[in-house]
Amino acid sequence: MRCPDHLSVRLIKNVLKTEEVKQVGSFVWSHLTNLAKSASPVRVQAQGLLAENDLDSKFNLDIRKFSRNYEQTLFFDEYNFGMTVDSNVIFSTESYVPRSVRLNLTTDLFGESINFLELNEDVDRLGFQLKGNFDKPQITIGVKIFGNDLNYYTDGLEIFSKLRGTDQAVLQVSLPQERNDIFSIRSEVFVLTERRELQQAGIERRYSNSTCTWPFIDQAIGLKMCTNYSLPDVSNTGKDVEVPSLILSGPVNFDVSLEKADPTAKMFVLKYSWAERQNQTIVGVVFETPNSQIPRIFRANITNEVQRKTASMSFVNGNISHKAIGMYINNPNQQRVEMSLNVNDRKYLALEMGYNKTDTRNGRMYYPSFYLSVNNERIAGLGGQVNQTAKNNISQWDYMIMFETKRVRTKTIGYVSVSHNMTYMIHNSMEYREVLMYRANFDLRSSAYPHFDVALNGTLLDGMGHLDFTLLHNNAPDLRDEKYRTTLKMIFARDNPYRSQLIFTPNSQQLIGGSAEQTDPTERTTLSVEMTRPRSKIDVKGMIVSNVKYYHYAKLAAQIGLTNSTRELFGVMKYIQDEHDNRLSINAMFEKKPYGIILQHTQQIANGTKSYAMVQWKDERYWFSALMKSAPIKQLDLELHIDKIRDISATLRGYKTPLKREVGVEFKWDANRDPTQRIALTGELNTPTDRIYDGLFLLSYPNRTFSGTFDLKAIHPRYLANARISWNTTEAIVIHFDAGTHEEMLSKMWLLLHLNTTFHGWRRNALSGAFSFKDNVLYTDLIANWAEDQRLGVELNGTYRSNKEIFNCELGTQLKSSLRNIPAVTMYFNQTLVTDRVETTVLLNYETTDQPVQEFSVRSNWQHKADKRHSNITGSLRLISPYENYRMGALVAKVSVSENRTITGAADLQLDDNTYDLLLEGHIRN
């Protein structure tokens with residue numbers, strides 16, 4: 001309210017009484033109410049006009065539905081500083097969504113009001129119905145920082161939504177425009193010079209970019225999201241050039257828009273459906289752009305049945321169509337998965353896998369199948385049967401499996417038999433297609449460029465898991481001289497661990513029909529690479545031995561031979577696994593220098609879990625280990641070894657029971673040379689009974705140790721605690737705490753805190769207090785003692801008496817301190833209220849160091865008497881103060897109003913030696 005006067009305030013009050021629009025009345029009423037209660041100095045004039053407190057409360061309405069003004073003010077008179085936060089929330093008569101929201105932060109400093117921040121939000125045409133429209137909403141957000149404007153807005157979209165329970169939903173979005181701005185941010189920089197605002201262009205270097213979503217997304221849905229931004233480039237400034245922050249270096253622009261990739265698409269529709277029938281659930285989703293020039297529709301359906309799950313997806317975009325179908329069948333006699341993908345009505349991918357099962361007289365018959373095709377061409381297929389029988393304590397599986405690709409056909413026949421005494425019999429035979437040989441020859445001769453002449457001869461043998469490849473390269477003038485020949489030979493061989501028959505009895509650990517080394521199926525793979533050139537030779541050989549259950553082993557040997565020297569590399573890699581241990585080791589020898597890596601993880605219940613890593617580089621070793629023990633005390637040990645430098649170790653320990661908890665940490669950073677270089681921290685917490693605690697801690701580091709204990713008894717109505725921290729046998733800090741209550745809650749309580757130290761001047765420190773309130777009598781005090789002779793005490797006591805005839809309140813307080821800057825203060829207040837009389841007494845004494853006692857007192861007595869003809873008010877006030885010219889004062893006054901509104905009065909005021917008389921005669925008009 002600017003420049004308020006009595007007439008305008010009275011007019012607003014009268015209008016408010018007859019206002020019929022609740023939104024207007026609620027806002028005006030809340031604004032006037034906040035003005036009357038505000039602590040801001042700029043509201044003083046308006047508060048004087050609103051002091052009668054006669055605002056009608058009929059517009060004190062629900063803040064969730066009606067417009068309202070909010071204000072919170074904090075002001076400190078002694079510092080002339082304050083802060084005001086006010087907000088306006090405006091609703092329209094058509095919706096319970098706020099139409100406008102404003103938030104303002106203002107600071108009053110040195111007599112001036114400074115506007116730090118102002119936020120404004122306007123929402124136009126925003127409404128929501130379960131079945132209706134979002135009618136082109138537009139949102140505008142304004143930001144002012146120190147009076148400078150920033151703006152944000154969005155353009156409206158036409159949105160239609162329809163819901164029918166949870167079974168069907170339709171969302172329809174209409175985009176009549178080619179471009180729809182989602183939001184836009186702009187900032188400008190101005191300089192105020194001689195009361196003129198000059199717009200600034202900012203620094204020359206700017207960073208600008210425009211980007212949109214990927215084209216295939218635009219084509220699929222007909223929409224594309226684009227961003228466009230331009231801002232000052234403050235990242236590449238030199239050392240001698242300083243620029244301000246990003247906001248102050250120049251204008252900032254940022255736009256996000258939604259554009260049409262298909263201009264003919266006006267409507268975008270998303271449909272969802274859920275249908276439940278007997279033993280069947282169907283979920284469907286459809287997205288389309290109806291009436292667009294480019295047909296565009298996406299459909300997805302999921303069908304859930306008891307023994308069948310089916311999912312299908314189809315997408316049509318112009319002349320391109322995709323269709324995918326997936327099905328999973330699960331019943332007692334069949335497990336099957338089928339998937340297919342069609343592109344433009346052509347089957348691009350098909351995958352089928354699963355098995356059928358039938359019951360026989362003594363077992364079951366399984367028929368596995370697998371089929372894969374791409375572009376209607378079969379890539380791989382598998383078929384066959386597995387017959388499971390059980391008779392006379394013998395279980396046997398007879399199998400015949402056929403696997404075929406475009407180039408390989410394999411047939412496997414065999415059986416696995418297990419007898420009652422755990423004797424295993426395995427027989428397998430496998431047929432491969434015959435070994436194939438491939439040859440290739442290439443000769444290049446050129447009369448113009450004879451140095452490019454070359455002859456290549458390649459041979460590949462394939463069969464029975466064995467590949468042998470040989471390549472001959474010759475660039476001799478006649479393409480035949482062996483002195484110019486380079487030979488590359490590669491051999492890859494793999495043994496089948498199941499090729500032979502194995503009969504194994506665990507009791508005898510003997511093998512029938514094989515050697516002891518083949519107890520567990522072991523696969524061996526070898527690779528040999530040899531390259532021979534006219535003046536050098538490279539030979540690389542490797543072998544991998546893999547046990548199905550326990551270990552893998554790899555060995556590599558390489559030799560490089562030159563005319564005058566030979567360099568050799570040997571490497572071994574092992575991986576071992578059993579029920580307790582996993583270990584990987586890699587060792588190499590290059591030019592007679594060792595190299596290696598070891599990784600190991602061991603897990604045992606008794607010894608805990610251990611992890612170990614080691615790296616060897618020539619003659620130096622580096623390793624790290626971690627050991628975790630979990631019973632009965634959990635402990636983690638970490639060690640790091642840096643060869644020839646130092647050892648670092650850390651230990652973490654913990655223990656927990658219902659009555660006891662322990663934790664410990666220890667860290668050593670030079671354990672191999674000086675074990676005393678460490679830091680350790682331990683702690684213990686005990687709970688012997690409910691709400692009784694005790695504990696200790698210990699902190700140790702080089703040349704210093706701290707220890708401490710504590711105990712706590714938290715049982716109502718008394719709470720006791722003790723704590724002690726020491727760093728040697730003669731120096732410590734001791735704390736004692738005692739608090740509680742004697743009677744019912746909050747009627748009588750006490751507090752005692754002792755802090756004793758060995759520091760000079762602070763050996764004895766204490767804080768004590770008491771609180772009591774009973775039978776209308778209040779007493780409280782708080783006393784602090786510190787630094788041997790320093791003391792500060794505060795005391796407050798009071799009482800009151802109240803009945804139908806009289807109300808009496810008496811309050812006294814004292815402040816005593818040994819500090820020179822804090823005076824000793826005593827204050828007394830007494831007030832008595834009866835039907836026609838008010839008596840008040842205020843006494844204040846304060847005394848500072850080297851100054852006489854200062855006294856201040858006020859005593860007043862006022863009476864009101866009335867009869868049928870007159871109404872009289874009489875009273876007196878006496879003042880005693882330490883201030884010059886105001887040491888003694890007295891006021892005696894009487895005012896009388898007759899029945900015909902004639903007013904008379906007289907007053908006598910005396911201040912020290914000065915006397916003032918006042919006579920009053922007049923008439924009161926309506």
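The structure displayed is predicted, hence computed values, not measured ones.
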Residues [X] and [Y]: side-chain donor-acceptor under 3.5 angstrom:
X	Y	result
Ser707	Ser726	yes
Gln790	Trp786	no
Ser184	Arg186	yes
Asn722	Asp711	yes

Inspect the surroundings of [atom1] in [X] and state if more than 12 heavy atoms from other residues, nucleotides or ligands are less than 6.0 Å away.
X	atom1	value
Asn821	CG	no
Trp617	CH2	no
Arg621	CZ	no

Item to complete: Report the C-alpha separation of Asp637 and Lys629 in whole Å, then their side-chain angles, then the decisive distance to 0.1 Å, and conclude whether the salt bridge (Lys or Arg N to Asp or Glu O under 4.0 Å) test is met.
Response: CA-CA 9 Å; Asp637 296 326; Lys629 297 181 179 180; 5.6 Å; no

If every non-hydrogen atom of [X] is compared with every non-hydrogen atom of [Y], which pair is closest and at what distance?
X	Y	result
Leu752	Ser768	CD1-CB, 4.0 Å
Gly250	Ser187	O-OG, 4.3 Å
Tyr655	Thr657	OH-CG2, 3.1 Å
Val234	Ser249	CG1-OG, 3.5 Å
Gln616	Lys618	NE2-O, 3.2 Å
Ala766	His754	CB-ND1, 3.7 Å

Taking [X] for the side chain and [Y] for the main chain, is one N or O donor matched with an acceptor at less than 3.5 Å?
X	Y	value
Ser818	Arg791	yes
Asp233	Tyr207	no
Thr741	Lys748	yes
Thr757	Trp762	yes

Worksheet item: Once the angle between the rings of Phe81 and Phe76 is folded into 0 to 90°, is it parallel (under 30°), tilted (30 to 60°) or perpendicular (over 60°)?
Response: parallel

Please round to the nearest 0.5 Å and tell me the distance separating atom [atom1] of [X] and atom [atom2] of [Y].
X	Y	atom1	atom2	answer
Trp727	Leu699	CH2	CG	13.0 Å
Ser700	Arg678	OG	CZ	5.0 Å
Thr676	Asp670	OG1	CG	9.0 Å
Phe667	Ile648	CZ	CD1	5.5 Å
Ser210	Asn228	OG	CG	3.5 Å
Met573	Ile586	CE	CD1	6.0 Å

Can you find a pair of side-chain heavy atoms, one from [X] and one from [Y], that are under 4.5 Å apart?
X	Y	result
Glu639	Asp647	no
Asn104	Thr106	yes
Asn756	Arg764	yes
Leu488	Val529	yes
Asp694	Thr709	no
Arg206	Pro251	yes
Thr758	Thr730	no
Arg661	Thr687	yes

Discussion item. Evaluate Val252 against Tyr229 for side-chain contact (heavy atoms from CB on, under 4.5 Å), listing each step before the verdict.
Written reply: CA-CA 8 Å; Val252 175; Tyr229 56 89; over 6 Å; no

Worksheet entry | All side chain to side chain contact (heavy atoms under 4.5 Å, CB included) counterparts of Val663, not counting sequence neighbours | none

Practice prompt. Only pairs at least two apart or in different chains count here, so list each side chain to side chain donor-acceptor pair (under 3.5 Å) that has a residue in residues 582-599.
Written response: Arg567-Glu591, Tyr575-Asn582, Arg583-Gln600

Item to complete: Please test Tyr701 against Phe706 for side-chain contact (heavy atoms from CB on, under 4.5 Å), starting from the C-alpha separation and ending with a verdict.
Response: CA-CA 9 Å; Tyr701 58 90; Phe706 289 88; 3.6 Å; yes

Practice prompt. May I ask you to decide whether Glu662 forms a salt bridge with Lys660, counting only side-chain N to carboxylate O separations under 4.0 Å?
Written response: yes

Worksheet item: Do Asp539 and Thr532 pass the side-chain contact (heavy atoms from CB on, under 4.5 Å) test, and can you show the C-alpha distance, the side-chain angles, and the key distance before you say yes or no?
Response: CA-CA 8 Å; Asp539 189 3; Thr532 303; over 6 Å; no

Discussion item. Let's go through Leu767 and Leu782 carefully: what are the C-alpha distance in whole Å and the side-chain angles of both, what is the deciding distance for side-chain contact (heavy atoms from CB on, under 4.5 Å) to 0.1 Å, and is it a yes or a no?
Written reply: CA-CA 7 Å; Leu767 176 67; Leu782 185 65; 3.8 Å; yes

